[in-house]
K.L.:
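Mind having a look at this structure? Questions to follow.
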Amino acid sequence: MNLKDRISEYPNFPKKGILFRDFSPILKDPSALSHIADEFSKHFHPKDVDVFAGIESRGFILATILASRYNKGMIMIRKAGKLPGKTTKLAYTIEYGKDVIEIQKDIVKKGEKIIICDDLLATGGTAKASAKLIEKVGGMISGFAFIIELTDLNGIKGISKYNCKSLVKY
């Protein structure tokens, strides 16, 4: 299946000069969702993952699809202030400033094997910060799963020490 056929393109969104690649049409197609799960299951062995982590917010969707396929759990990596209870935070630099992500403090068990999921890998700043956050609380990164990778932005460079899989590359 060619997933590129199911990805919409929006020029000048969210601002002029940006070509937004939108995977939303994939979500309407059950065969595409099944294909995505099939492709990642060829790359990541079930013994190499205890839980999937989704990066806010589109990563939640991919992490949930894979968690269901693998019969594993899913946790959320969110922007600061979005999770109840005690959290662990990590500040990091993005293209135009700083951002903060967090997870619930006791959601990851020490040594738990985690695959981090997001819809798109661009510059890699949030992906790299997510790995640091998971490792900070004792988790082990088994890999990264992305539906789309924008190769010109070289985001893979910051996470190249991990097992990374992208299904569509532009």
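As the structure is a computational prediction, the values presented were derived from the model and not from experiment.
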K.L.:
Can you run down the side-chain hydrogen bond (donor to acceptor under 3.5 Å, both in side chains) pairs that involve residues 139-151, sequence neighbours left out, and say none if there aren't any?
P.N.:
E149-S166
K.L.:
When the side chains of residues 8-21 are checked against the rest of the protein, which donor-acceptor pairs come out under 3.5 Å, sequence neighbours left out?
P.N.:
unit_1, atom_1, unit_2, atom_2, d
E9, OE2, R21, NH1, 2.2
N12, OD1, G17, N, 2.8

K.L.:
K132: what forms a salt bridge (charged side-chain N to carboxylate O under 4.0 Å, His left out) with it, not counting sequence neighbours?
P.N.:
none
K.L.:
Applying side-chain hydrogen bond (donor to acceptor under 3.5 Å, both in side chains) as the test, list every pair that has at least one member in residues 53-63; sequence neighbours left out.
P.N.:
D22-R58, E56-R78
K.L.:
What distance do I134 atom CD1 and M140 atom CE have between them, rounded to the nearest 0.5 Å?
P.N.:
12.5 Å
K.L.:
Name all pairs fulfilling the side-chain hydrogen bond (donor to acceptor under 3.5 Å, both in side chains) condition that reach into residues 59-72, sequence neighbours left out, sorted by first residue then second.
P.N.:
D38-R69
K.L.:
Sequence neighbours left out, cut at 3.5 Å: what donor-acceptor pairs do the side chains of residues 113-126 make with other protein atoms?
P.N.:
unit_1, atom_1, unit_2, atom_2, d
K113, NZ, K47, O, 2.6
D118, OD1, G59, N, 3.3
T123, OG1, E95, OE2, 3.0
T126, OG1, Y92, OH, 2.9

K.L.:
For F44, which residues count as a ring-ring contact (aromatic ring centres under 6.0 Å, His included) partner, sequence neighbours excluded?
P.N.:
none
K.L.:
Can you tell if the side chain of I141 reaches within under 4.5 Å of the side chain of E135, non-hydrogen atoms only?
P.N.:
yes
K.L.:
Mind checking salt bridge (charged side-chain N to carboxylate O under 4.0 Å, His left out) for D29 and listing every partner two or more places apart, or none if nothing turns up?
P.N.:
R6
K.L.:
When you compare the side chain of T93 with that of K98, does any pair of heavy atoms fall below 4.5 Å?
P.N.:
yes
K.L.:
For E102, check salt bridge (charged side-chain N to carboxylate O under 4.0 Å, His left out) against everything at least two apart and list the hits.
P.N.:
K89
K.L.:
Does V168 share a hydrophobic cluster with L33, counting links as ILVMFWY side-chain heavy atoms below 4.5 Å and allowing steps through other members?
P.N.:
yes
K.L.:
Go through the structure and list residues passing salt bridge (charged side-chain N to carboxylate O under 4.0 Å, His left out) with K42, not counting sequence neighbours.
P.N.:
E39
K.L.:
Per the ring pair (Phe, Tyr, Trp, His ring centres under 6.0 Å) rule, what does the pair list look like for residues 141-170, sequence neighbours excluded?
P.N.:
F144-F146, F144-Y162
K.L.:
Using a 4.5 Å cut-off between side-chain heavy atoms of Ile, Leu, Val, Met, Phe, Trp and Tyr, which other residues end up in the same hydrophobic cluster as L83?
P.N.:
F60, M74, M76
